K.L.:
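Take this structure first; my questions come after.
Start at 1 and go down the list; that is how both ligands and their atoms are numbered. Keep in mind the model is a prediction, meaning the values are calculated, not measured.
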Amino acid sequence: MALIVQKYGGTSVGSLERIASVAEKVSAARQAGHDLVVVVSAMSGETDRLIRLAKGIDPQPNPRELDVLISTGEQVTIALLSMALEKHGCPARSYTGAQVRILTDSAFNKARILEIDAQRMRKDLAEGRVVVVAGFQGVDEQGNITTLGRGGSDTTGVALAAALKADECQIYTDVDGVYTTDPRVVPEARRLDRITYEEMLEMASLGAKVLQIRSVEFASKYNVPLRVLSSFTEGAGTLITSEEEGMEQALISGIAFNRDEAKLTVLGVPDQPGVAYRILGPIADANIEVDMIVQNIAEDATTDFTFTVHRNDYEKALHILRATASELGAREVSGDSRIVKISLVGVGMRSHAGIASTMFQALAKEGINIRMISTSEIKISVVVDEKYLELGVRALHSAFGLDAGK
Ligand code: ADP
Ligand code: ASP
Ligand code: MG
């Protein structure tokens, strides 16, 4: 008998029929003798709908009130699932994040979990009930409702598993595991049986939306065995664990991409100490996160400076940059919000040379121009025009022998 935390995503609870089938799955696991804590997302599309409502009132809604609003989606599904379980003869009880007491900081819309009180859940489990918890939400010290950022129910699941020292955290979604790349973009993508926390962390942070990045951080920090599975088909899914001695290491474990990027360039900046600080300081002060940064070698005592930001921050960053550029006496500011980032990820890269050149060759063969490059020990990222996203991902998938059947 094990203690298992299961998380069901939006599509998995997208209709009453689907909620009924989740109830069946949960009851079956309980009949098999396991203790279960179940985390659910809002019904698919619901969080987007609520955000649209808020933006209909104010394009930049008050963050505290936005959290009050968007946390309601999960309150609906915990109640419906508990009713469905009860109807199945499976005793269950639902809790919001605040009721469990998932304590977070006060960063509305992107709060971090600080502490979880496991007592209440343990009492229910001891009394034979399934505990159903709303994903994506918590409460701060002052009692305000907070949310954990898009995709945050994954993090709720893993954090509960860590707090309860569960035997496994199972993330049920609409694909049957973690693939070499998004199977919606590359039909030849292959499911991975295992992937390390480190690789999954890179994949998630480089754009693979199958798991929220913070959920992987949590799993890695507390060593929570994490599994991604389909709520629609049977199968073992993908296990995410720590790197083990002797575990066969693929050169490349996957390809991630991010469509939410935009790039900005200041041309002809005087090449002096402090320039990077003067350009990026005001961007950071405006709470805009910078991703890649490239500065050219100076010619004629001036240089060009390029960086990328989230597409939502593009206009704001451009506005700030124009002001900075004129203060610095730079020649020109340019920008492009129709770019994407494609990344190769693999711990096997550490010990192999030549991966970058294979990557660049595959892109060149398709006539894809690389705008920016950035590398780390276990990843290589390139920025290319948005129109080349699918072509680029497919070309790399096949160049590195990742296509199914190879
Ligand atoms: P949920 O609503 O269950 O949380 P998400 O939409 O957040 O589901 O995540 C699942 C989706 O992630 C899949 O439908 C798939 O399109 C996408 N995805 C992106 N990259 C990958 C990958 N490498 N492996 C599997 N799925 C991926
Ligand atoms: N419902 C939230 C979202 O759509 C949280 C989640 O599904 O993980 O982002
Ligand atoms: Mg998700």
Side-chain angles (χ1 to χ4, degrees), residues 6-14 18 22 39-52 66-67 69-78 97 109-111 133-138 146-160 169-195 199-216 226-233 235 237-238 240 252-260 342-346 389-390 393 396-397 402 404:
Q6 298 187 334
K7 176 258 171 176
Y8 291 89
T11 329
S12 312
V13 293
R18 290 194 168 163
V22 168
V39 173
V40 285
S41 289
M43 294 168 94
S44 55
E46 178 64 4
T47 310
D48 288 336
R49 187 185 74 89
L50 294 168
I51 292 173
R52 274 198 305 278
L66 184 62
D67 277 353
L69 179 70
I70 64 180
S71 61
T72 60
E74 274 75 7
Q75 190 166 342
V76 170
T77 46
I78 52 169
N109 315 329
K110 48 174 188 253
V133 180
F136 180 53
Q137 54 178 266
T146 56
T147 65
L148 309 177
R150 299 307 305 267
S153 299
D154 297 333
T155 302
T156 306
V158 177
L160 289 179
C169 179
Q170 303 174 339
I171 306 284
Y172 286 92
T173 182
D174 55 6
V175 279
D176 63 351
V178 177
Y179 277 69
T180 46
T181 192
D182 190 339
R184 287 183 210 286
V185 170
V186 181
E188 293 81 19
R190 261 189 305 116
R191 186 178 58 76
L192 303 165
D193 288 329
R194 292 173 85 113
I195 184 170
E199 287 168 314
M200 195 61 233
L201 207 54
E202 285 286 349
M203 291 278 280
S205 69
L206 295 168
K209 295 201 167 111
V210 59
L211 285 174
Q212 197 198 32
I213 175 163
R214 282 188 189 163
S215 71
V216 189
L226 183 60
R227 196 182 285 278
V228 174
L229 310 122
S230 162
S231 46
F232 304 105
T233 57
T238 301
I240 299 132
I252 302 296
S253 53
I255 300 171
F257 52 83
N258 189 348
R259 302 177 202 262
D260 301 327
I342 304 178
S343 309
L344 283 182
V345 176
L389 175 71
E390 277 85 4
V393 174
L396 294 174
H397 201 266
L402 296 174

K.L.:
Kindly say whether T155 contributes a backbone atom to a donor-acceptor pair with the side chain of S215 at under 3.5 angstrom?
P.N.:
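A pair under 3.5 Å: no.
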K.L.:
Under 4.0 Å, heavy-atom basis, I'd like to know which part of T181 is in contact with ligand 1: side chain, backbone, both or neither.
P.N.:
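Contact part for T181 vs ligand 1: backbone (N, CA, C, O).
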K.L.:
Is it true that a side-chain atom of S231 and a backbone atom of T173 form a donor plus acceptor pair closer than 3.5 Å?
P.N.:
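Pair found, side chain donor or acceptor close to backbone of T173.
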K.L.:
Under 4.0 Å from a heavy atom of D174: which atoms of ligand 1 are those, numbered in the order shown and with their elements?
P.N.:
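Answer for ligand 1: 10 (C), 11 (C), 13 (C), 14 (O).
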K.L.:
What protein heavy atom sits nearest atom 14 (O) of ligand 1, and how far away is it?
P.N.:
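In this structure, atom 14 (O) of ligand 1 has R184 NH2, 2.5 Å as its nearest protein heavy atom.
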K.L.:
Could you tell me which atoms of ligand 1, counted from 1 in the order shown, lie closer than 4.0 angstrom to a heavy atom of A208?
P.N.:
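It comes down to these atoms of ligand 1: 20 (N).
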K.L.:
Which residue owns the protein heavy atom closest to atom 7 (O) of ligand 1, what's the atom, and how far is it?
P.N.:
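Here the closest protein heavy atom is K209 O, 3.5 Å.
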K.L.:
Could you find the nearest protein heavy atom to atom 27 (C) of ligand 1 and give me its residue, atom name and distance?
P.N.:
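Going by distance alone, atom 27 (C) of ligand 1 is nearest to V210 CB, 3.7 Å.
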K.L.:
Applying a strict 4.0 Å limit to heavy atoms, is G73 in contact with ligand 2?
P.N.:
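Contact absent.
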K.L.:
Return the option from Q137, K209, E74 holding the heavy atom at the smallest distance from atom 1 (N) of ligand 2.
P.N.:
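The nearest heavy atom belongs to E74.
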K.L.:
I need the nearest protein heavy-atom contact for atom 4 (O) of ligand 1: residue, atom name and distance, please.
P.N.:
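Nearest protein contact, heavy atoms only, for atom 4 (O) of ligand 1 is K7 NZ, 3.1 Å.
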K.L.:
Between Q212 and D154, is there a donor-acceptor pair closer than 3.5 Å when you use the side chain of the first and the backbone of the second?
P.N.:
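Flag not set: sc Q212 to bb D154 has no pair under 3.5 Å.
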K.L.:
Just so I know, are the side chains of V210 and M200 near enough to count as touching, which here means a heavy-atom distance under 4.5 Å?
P.N.:
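Yes. Closest side-chain heavy atoms under 4.5 Å.
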K.L.:
Check each atom of ligand 1 against the heavy atoms of G10 and keep those under 4.0 Å away; list them by number with element.
P.N.:
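Within the 4.0 Å cut-off of G10, ligand 1 contributes 2 (O).
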K.L.:
Kindly say whether L402 contributes a backbone atom to a donor-acceptor pair with the side chain of R190 at under 3.5 angstrom?
P.N.:
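Yes; at least one donor-acceptor contact below 3.5 Å.
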K.L.:
Identify the protein heavy atom lying closest to atom 24 (N) of ligand 1, giving its residue, its atom name and the separation to 0.1 Å.
P.N.:
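Answer for atom 24 (N) of ligand 1: Y179 N, 2.9 Å.
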K.L.:
Do protein heavy atoms approach atom 16 (O) of ligand 1 to less than 4.0 Å?
P.N.:
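Yes.
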K.L.:
Does S153 offer a backbone N or O that forms a donor-acceptor pair with the side chain of S41 under 3.5 Å?
P.N.:
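The answer is no, because no donor-acceptor pair under 3.5 Å joins these two groups.
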K.L.:
Assess, by modelled atom type and distance only, whether the side chains of T146 and D67 contain a donor and an acceptor separated by less than 3.5 Å.
P.N.:
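Distance-only check fails for T146 and D67.
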K.L.:
Output yes when D174 and R18 qualify as a salt bridge under the 4.0 Å nitrogen-oxygen rule, no when they do not.
P.N.:
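Salt bridge flag = no for R18 with D174.
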K.L.:
Starting at CZ of R191, measure out to OG of S230 and round the result to the nearest 0.5 Å.
P.N.:
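One gets 10.5 Å once the value is rounded to the nearest 0.5 Å.
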K.L.:
Going by distance only, is there an N or O of R150 that falls short of 3.5 Å from an N or O of ligand 2?
P.N.:
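Indeed, backbone or side chain, R150 has an N or O that close.
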K.L.:
Answer with yes or no whether G177 contacts ligand 1, where contact means a heavy atom under 4.0 Å from a ligand atom.
P.N.:
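The answer is yes, since G177 has a heavy atom less than 4.0 Å from ligand 1.
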K.L.:
With respect to atom 8 (O) of ligand 1, which of D182, T173, D154, V175 exhibits the smallest heavy-atom separation?
P.N.:
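The residue whose heavy atom sits nearest atom 8 (O) of ligand 1 is T173.
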K.L.:
Is there a donor-acceptor pair closer than 3.5 Å between any side-chain N or O of T147 and the backbone N or O of S71?
P.N.:
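Judged by distance alone, no pair lies under 3.5 Å.
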K.L.:
Among protein heavy atoms, which sits nearest to atom 7 (O) of ligand 2, and what does the distance come to when rounded to 0.1 Å?
P.N.:
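Of the protein heavy atoms, S41 OG, 3.0 Å lies nearest.
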K.L.:
Return yes or no for this condition: an N or O of G10 is under 3.5 Å from an N or O of ligand 2.
P.N.:
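Between G10 and ligand 2 (N or O atoms, distance only) the closest approach is not under 3.5 Å.
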K.L.:
Just let me know how R190 lines up against ligand 1, side chain, backbone, both or neither, with a heavy-atom cut-off below 4.0 Å.
P.N.:
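No part of R190 comes within reach of ligand 1.
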K.L.:
Enumerate the atoms of ligand 1 whose separation from the nearest heavy atom of V178 is less than 4.0 angstrom.
P.N.:
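It comes down to these atoms of ligand 1: 24 (N).
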K.L.:
Can an N or O of D154 be found at a distance shorter than 3.5 Å from an N or O of ligand 2?
P.N.:
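Between D154 and ligand 2 (N or O atoms, distance only) the closest approach is not under 3.5 Å.
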K.L.:
Check step by step if side-chain contact (heavy atoms from CB on, under 4.5 Å) holds for V133 and K7.
P.N.:
CA-CA 9 Å; V133 180; K7 176 258 171 176; over 6 Å; no
K.L.:
For the backbone of G254 and the side chain of T181, can you confirm whether one donor and one acceptor N or O come within less than 3.5 Å of each other?
P.N.:
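A pair under 3.5 Å: no.
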